[in-house]
Amino acid sequence: MSDWPDGYGRRILDTVDSTLNEAGRIAPGLSAPEWILARQQTAARGRRGRAWHMPPGNLACTLVLRLDEPPQRIALRSFVSALALFDACAEVLGDSAKLSLKWPNDVLLNGGKFAGILLETLGGAGQGGTVLAIGIGANLATAPEPTEVESRALRPVSVLGETGVSLDPEMFLTHLAAHYAKRETQFTTYGFDTIRQAWLAHAARLGETIVARTGTTETEGRFDTVDSDGNLVLVTSSGPVRIPAADVYF
Ligand SMILES: O=C(O)CCCC[C@@H]1SC[C@@H]2NC(=O)N[C@@H]21
């Protein structure tokens, strides 16, 4: 699956501050979904305001699309995009890689974090609907040092480091865009449950005890499922708890 999907545009930039910022700049004139890839980002950001390590050779891209849907449904693109990223990796790496998904949208390779996704909705977008930017970063060539990430975070890994396979970001984007288009069609045609089931089939630590931490609370429990709204469901000593947003630690 490597043909560029119909209906999706693409722009390739040498250097940009952040492909998410670029999404904001093009949003007012956006008439069709557009992938933005940058060979280098000077101010890449990750979840919860963290900086994102972005050496050349890694994948840095953002899909920007206009959606006329309620916010809760728009947010489910977190799972659509994570699954598409998983699919693209599985396709190009084959059986040489042990891939899994960490709630809500990290992709793991051999148990280490190799890719992350950051969703942002953009204001001032001109025409009707909401503009969603899905920022995707994947360590194709280089991973940050463990000292560059939070002490409790998973070991950062790269595709090259774990498998010896060298992947070109532009080539990889073609696979990712094709898989995203397929999963997006699946989502809009059959609803979230098919995405949810596929995501769960690859979930890391399902059935095991994990910890979900927000800015103020920490919840430990058995990872039971992801519900029909995308919430993480943990079974704690005081019963099931549904968590809409958190960082997860194993
Ligand atoms: O913290 C995470 O796990 C999410 C990281 C998302 C990084 C990507 S790289 C492309 C896009 N541009 C950014 O500035 N961030 C996202």
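Atoms within a ligand are numbered from 1 in the order they appear, just like the ligands themselves. FYI, the numbering just counts along the sequence from 1.
Residues that satisfy the ring-ring contact (aromatic ring centres under 6.0 Å, His included) test with F86, not counting sequence neighbours, are H202. Evaluation of the ring-ring contact (aromatic ring centres under 6.0 Å, His included) rule for F172 yields no partner, not counting sequence neighbours.
Under a 3.5 Å cut-off, the side chain of R183 and the backbone N or O of I195 do not form any donor-acceptor pair.
A salt bridge is defined here as a Lys NZ or Arg NE, NH1 or NH2 lying under 4.0 Å from an Asp or Glu carboxylate O, and R11 with E34 meets this definition.
Hydrophobic clustering, defined by side-chain heavy atoms of Ile, Leu, Val, Met, Phe, Trp and Tyr closer than 4.5 Å, groups L118 together with L20.
With rounding to the nearest 0.5 Å, the separation of CG in D106 from CG in L154 is 7.5 Å.
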With the criterion set at N/O pairs under 3.5 Å, what does the list of contacts between the protein and ligand 1 look like, atom names and distances included?
unit_1   : atom_1 : unit_2 : atom_2 : d
ligand 1 : 1 (O)  : R47    : N      : 2.7
ligand 1 : 3 (O)  : K113   : NZ     : 2.6
ligand 1 : 12 (N) : T19    : OG1    : 3.2
ligand 1 : 12 (N) : Q41    : OE1    : 2.8
ligand 1 : 14 (O) : S18    : OG     : 2.8
ligand 1 : 14 (O) : R45    : N      : 2.8
ligand 1 : 15 (N) : R45    : O      : 2.7

